[in-house]
Structures are given as structure tokens and as C-alpha cells.
Chemist: 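Sharing a structure with you now.
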Amino acid sequence: MTASRVLVLNSGSSSVKYQLLDMADRSRLASGLVERIGEETSRLVHEPLTGPGAEGGRREQVGPIADHGAALKAVAAELAADGMGLDSPELAAVGHRVVHGGTRFTRPTVIDDEVLAEIRNLIPLAPLHNPANVTGIEVARALRADIPQVAVFDTAFHSTMPEYVARYAIDAATADAYSIRRYGFHGTSHAYVSRATAELLGRPVEDVNVIVLHLGNGASASAVRGGVCVETSMGLTPLEGLVMGTRSGDVDPAVVFHLARVGGFSVDEIDSLLNKKSGLLGMCGDNDMREVLRRAGEGDEAASLAFAAYVHRLKKYIGAYSAVLGRVDAVTFTAGVGENAHQVRAAALDGLAELGLALDPEANAVRSGEPRLVSAEYARVAVAVVPTDEELEIATQAYALVTQ
């Protein structure tokens with residue numbers, strides 16, 4: 001029996017998301033979430049999607065789960081109850097989402113002690129994410145030390161950006177000393193979606209230039225030429241770029257100095273302001289695009305202003321990346337807002353006919369979980385909606401690495 005299953009783990013500070021996939025046919029066998037780890041009200045939701053366990057449907061348990069070790073053991077028990085435990089000889093690898101790979105990790109990597117130490121060393125670049133990623137890796141290695149553990153990095157897809165794009169125009173010695181450069185994030189999503197867009201167009205990925213708009217609570221844009229990222233909107237951290245749910249996106253760096261000197265804000269207070277209290281939330285009090293759209297539709301001025309700012313920033317990046325690519329074959333929307341908010345797509349592309357962009361209003365208004373084109377037949381540039389699948393991308397990269 002050939003081992004073809006990959007368990008994908010996304011370990012957060014107080015949560016673990018997981019999916020078990022069979023790469024023989026790219027099918028999903030089970031998925032789930034452990035949240036509120038370390039609290040009395042910890043919750044595990046497990047959904048077997050195939051096999052004997054699927055008949056019973058989704059299972060949920062609530063009660064204290066002390067730490068990530070206990071969480072992964074609980075996940076292993078749920079999978080075992082469905083006949084798909086971590087001790088299965090069919091398990092080929094565990095794929096771990098790791099947010100920051102710095103400049104060293106530019107492709108999926110089998111984790112050994114040295115690699116794990118390097119991921120720890122990158123914690124200052126991703127203090128909210130890499131520590132939890134490390135914990136998930138440590139626990140999974142302890143549970144199955146005999147199979148490959150593979151790290152797939154959010155930053156890796158963007159490592160192909162030219163140096164003149166990745167570099168900030170600051171003192172080079174300072175930048176090098178503190179690893180200050182543009183790394184980009186959401187890389188697994190941008191990789192998957194750019195490739196899926198080429199498939200949707202029926203063309204080789206090497207022949208397609210695409211602008212990918214990953215619009216969730218966090219949002220980022222990328223310019224992908226022939227399957228290779230040449231520019232992305234997020235930078236040293238996920239704060240740069242588009243207006244997001246709670247993040248400001250682009251601001252004049254002097255805003256930080258002004259808040260410190262005039263407002264008496266501490267560094268931590270400014271960090272919290274720009275990352276957690278800005279974006280849509282800061283402008284109108286809601287970070288859920290559905291609520292923003294509802295309120296704007298009812299004439300709420302703050303919500304209307306927030307929506308206008310959100311869309312304007314999108315237009316700027318679409319225009320900028322059209323210039324960067326020179327030729328654009330498709331603009332693709334993905335993630336929660338990009339896939340579901342037809343109003344965002346329509347507003348972002350309104351007035352961009354000179355760039356070859358035009359929507360089919362009826363196609364754009366249809367909700368679907370399938371990749372699809374929503375552009376007008378006469379449009380020079382295709383407009384696509386492609387549901388992202390970061391877990392499948394992580395599993396694909398991990399499986400390809402361990403079966404080489």
C-alpha cells in the first residue's frame with residue numbers, strides 16, 4: 001500500500017485547524033478545528049468527510065484542552081475513531097503552515113532540528129504566528145517522529161520578487177542588520193489561485209499573467225507573471241497594502257512618529273491601533289464586509305466612507321500591478337470577501353474599461369463554490385472568481401517533496 005495521505009496542520013496561538021487529504025485523488029477525508037486552547041471552554045469540531053465515520057456526521061466536544069499537545073492528541077483520537085489515525089501506514093507526511101520563512105526558506109522544507117531552530121530564530125519577524133507554528137511542529141514530531149514533517153511557508157511564493165521590489169529604500173546596513181525587507185504573505189493562497197486561474201483559462205501557467213486579490217479579513221494583492229510572483233502588497237509584516245478588516249494597510253510612516261510625539265502613544269499602542277483597531281473597523285466600527293455593505297446600503301455615512309476607501313485602495317493596486325505586469329490576462333478574486341461579495345468586485349472594477357476590464361453583471365451576481373469567469377464576453381482581460389484552497393496547496397507541496 002502506497003502512503004498517500006497528508007495531514008495539514010495550521011497551529012495558531014490558541015487554535016489548531018486541520019485537514020486530512022488523500023493525494024492519490026486529492027480528496028478530503030476529514031477536517032476540523034480546535035479552538036480556545038488553554039481555556040475551560042475549549043472546543044473541538046471534527047467532520048469526517050469519507051469512510052465509515054462520515055455516516056455519523058460532524059462531532060463536537062466542549063471542555064478544557066490544556067495545550068497544543070493535548071489538542072493534537074484529541075485530533076488524533078478523533079481521526080482514529082474514523083479509522084484514519086496518525087498511526088496509519090497510509091500517512092505519508094504532516095504539512096505545517098508556517099507564516100514566516102525569512103529569506104532562507106523559499107520552498108517547502110522537511111523539518112529537522114536545524115530547520116526548527118531556524119524557524120524559532122524567525123519569531124521576531126512573526127511574533128504572533130511563528131511561536132504557535134513551532135509548537136504545532138514540536139507536538140506533531142513527538143506524535144509521529146517516523147514520518148516527514150514538512151513546513152510550507154506563507155512567504156515562500158513571494159521570494160521570487162526582484163530585489164529592487166523586495167528592498168525598502170532605507171539605509172542598506174540597517175535593513176540588513178534587522179532583516180527589514182518586503183516578504184509578503186498569503187503565499188499559499190496566491191500560488192494556488194494563480195495556478196487555478198490558468199487552468200480556468202485553459203492555458204499553461206507559464207503563459208498567464210494574473211493579478212490575484214486575496215480579500216478576507218486580512219487582504220493582499222499580488223502580480224504573478226507566468227506563475228512567478230513579481231510584486232505583492234504586504235511587506236515586512238501583513239500590515240502593508242490594502243485596507244483590511246482591522247488593519248490600516250498603507251499609511252505614511254510619519255503617522256507613527258506623530259502619534260508618539262503629539263499623542264503620547266507607546267509603540268505597543270500604535271501597533272495595536274494599526275493592526276487591530278484600523279481598516280474597516282476603525283473607520284466605521286465593523287470589520288465584517290457583510291455588515292459594512294448592509295449599513296452602506298441603508299445610507300450609513302461611516303460605512304459608505306469605509307467601503308469607498310476599501311475599494312479605492314483596490315483600484316490603486318489593480319492599476320499599479322497592471323503597469324508592473326505590462327500585459328494582464330486575468331484579475332482573480334478569492335477568499336471570503338473576494339469570493340462572496342459581488343458588490344466589492346463590481347465597485348473595484350468600475351471605471352477600469354480602459355484597462356480591458358468589464359464585468360458581466362448577471363454572472364458576477366451568482367454565488368457559487370466553483371471557479372468561474374464573471375467578465376463580459378467582450379472584455380480584453382478575464383475576471384475570475386476562484387475559491388482558495390490553502391490546505392490543498394500545503395498538502396500538494398508537502399506530498400510532492402516527500403515523494404520526490
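We use all heavy atoms of the structure for the numbers below, so side chains are in, but hydrogens, waters and symmetry mates are not. Predicted model only: the values in this text are computed from it and were never measured.
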Chemist: CZ/Arg144 to CG/Leu86 distance, rounded to the nearest 0.5 angstrom?
Modeler: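 These two atoms lie 7.0 Å from each other.
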
Chemist: Check Val150, Thr188, Val98, Val6 against Ile394 for a side-chain contact (heavy atoms from CB on, under 4.5 Å) and give me the one that passes.
Modeler: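 Single side-chain contact (heavy atoms from CB on, under 4.5 Å) partner of Ile394 among Val150, Thr188, Val98, Val6: Thr188.
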
Chemist: So does Arg327 get a backbone contact from the side chain of Asn209, meaning a donor-acceptor N/O pair under 3.5 Å?
Modeler: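 Yes; at least one donor-acceptor contact below 3.5 Å.
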
Chemist: Please check if atom NZ in Lys73 has more than 12 non-hydrogen atoms from other residues, nucleotides or ligands closer than 6.0 Å.
Modeler: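 Counting other residues, nucleotides and ligands, NZ of Lys73 stays at 12 neighbours or fewer.
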
Chemist: Do the side chain of Asp286 and the main chain of Asp288 share a donor and acceptor less than 3.5 angstrom apart?
Modeler: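 Flag not set: sc Asp286 to bb Asp288 has no pair under 3.5 Å.
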
Chemist: Quick one, Tyr192 and Thr396 - any side-chain contact, counting heavy atoms below 4.5 Å?
Modeler: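 Answer no - side chains too far apart.
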
Chemist: Which heavy atom of Ser179 sits nearest to which heavy atom of Leu125, and what is that distance?
Modeler: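 Smallest interatomic distance, heavy atoms only, reads O-CD2, 4.0 Å.
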
Chemist: Closest heavy-atom contact between His158 and Asp154?
Modeler: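 Smallest heavy-atom distance, with atoms named: CD2-O, 4.0 Å.
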
Chemist: Which is it for Asp22 and Ser27 under the side-chain hydrogen bond (donor to acceptor under 3.5 Å, both in side chains) test, yes or no, and what are the steps along the way?
Modeler: CA-CA 5 Å; Asp22 191 334; Ser27 62; 5.0 Å; no

Chemist: Return the minimal non-hydrogen interatomic distance between Val328 and Ser322, and the atom names on each side.
Modeler: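 Taking every non-hydrogen atom into account, CG2-CA, 3.7 Å.
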
Chemist: Cut-off 3.5 Å, side chains only: do Thr106 and Ser159 have a donor facing an acceptor?
Modeler: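 Their side chains do not contain a donor-acceptor pair, so the 3.5 Å distance test is not met.
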
Chemist: Any ring-ring contact (aromatic ring centres under 6.0 Å, His included) pairs touching residues 318-357, not counting sequence neighbours?
Modeler: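 ring-ring contact (aromatic ring centres under 6.0 Å, His included) check on residues 318-357 returns Tyr317-Tyr321.
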
Chemist: List in chain and number order the residues that pass ring pair (Phe, Tyr, Trp, His ring centres under 6.0 Å) with Tyr310, two or more places apart in sequence or in another chain; answer none if no residue qualifies.
Modeler: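 Applying ring pair (Phe, Tyr, Trp, His ring centres under 6.0 Å) to Tyr310 gives none.
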
Chemist: If you look at every heavy atom in Ser375 and Ala379, which pair is closest and at what distance?
Modeler: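 Where Ser375 meets Ala379 most closely, the heavy atoms are CB-CB, 4.3 Å.
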
Chemist: With no hydrogens and no angle check, is any side-chain donor or acceptor of Ser272 less than 3.5 Å from a backbone partner on Asp268?
Modeler: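 Side chain of Ser272 to backbone of Asp268: no pair is present.
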
Chemist: Decide yes or no on side-chain hydrogen bond (donor to acceptor under 3.5 Å, both in side chains) for His258 and Asp252, but give the supporting numbers first.
Modeler: CA-CA 10 Å; His258 182 77; Asp252 181 346; over 6 Å; no

Chemist: Do any N or O atoms from the side chain of Thr334 and from the backbone of His214 form a donor-acceptor pair under 3.5 angstrom?
Modeler: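 Here the side-chain-to-backbone pair does not exist.
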
Chemist: Enumerate the residue pairs fulfilling side chain to side chain donor-acceptor pair (under 3.5 Å) with a member in residues 161-172, sequence neighbours excluded, ordered by first and then second residue.
Modeler: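 Matches after skipping sequence neighbours: Glu163-Arg167, Glu163-Arg181, Arg167-Asp176, Tyr168-Glu240, Asp171-Thr174.
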
Chemist: By the side chain to side chain donor-acceptor pair (under 3.5 Å) test, which pairs, at least two apart or in different chains, include something from residues 120-136?
Modeler: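 Qualifying pairs, neighbours excluded: Arg120-Glu138.
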
Chemist: Between the main-chain N or O of Ser88 and the side-chain N or O of Arg5, is there a donor-acceptor pair closer than 3.5 Å?
Modeler: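 Such a contact is absent between Arg5 side chain and Ser88 backbone.
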
Chemist: Please name all residues satisfying ring pair (Phe, Tyr, Trp, His ring centres under 6.0 Å) with Phe185, sequence neighbours left out, ordered by chain then number.
Modeler: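 Applying ring pair (Phe, Tyr, Trp, His ring centres under 6.0 Å) to Phe185 gives His100.
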
Chemist: Taking only distance into account, with no hydrogens and no angle test, what donor-acceptor pairs under 3.5 Å do side-chain atoms of residues 218-226 form with protein atoms, sequence neighbours excluded?
Modeler:
{"from": "Ser220", "atom 1": "OG", "to": "His186", "atom 2": "ND1", "distance (Å)": "2.7"}
{"from": "Ser220", "atom 1": "OG", "to": "His190", "atom 2": "NE2", "distance (Å)": "2.9"}
{"from": "Ser222", "atom 1": "OG", "to": "His190", "atom 2": "ND1", "distance (Å)": "2.7"}
{"from": "Arg225", "atom 1": "NH2", "to": "Val324", "atom 2": "O", "distance (Å)": "2.9"}

Chemist: Does atom CZ of Arg290 have more than 12 heavy-atom neighbours, drawn from other residues, nucleotides or ligands, at distances under 6.0 Å?
Modeler: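 Counting other residues, nucleotides and ligands, CZ of Arg290 stays at 12 neighbours or fewer.
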
Chemist: Say whether, by atom type as modelled, one donor and one acceptor occur between the side chain of Arg345 and the main chain of Gly338 under 3.5 angstrom.
Modeler: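 Yes, Arg345 side chain to Gly338 backbone: donor-acceptor pair under 3.5 Å.
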
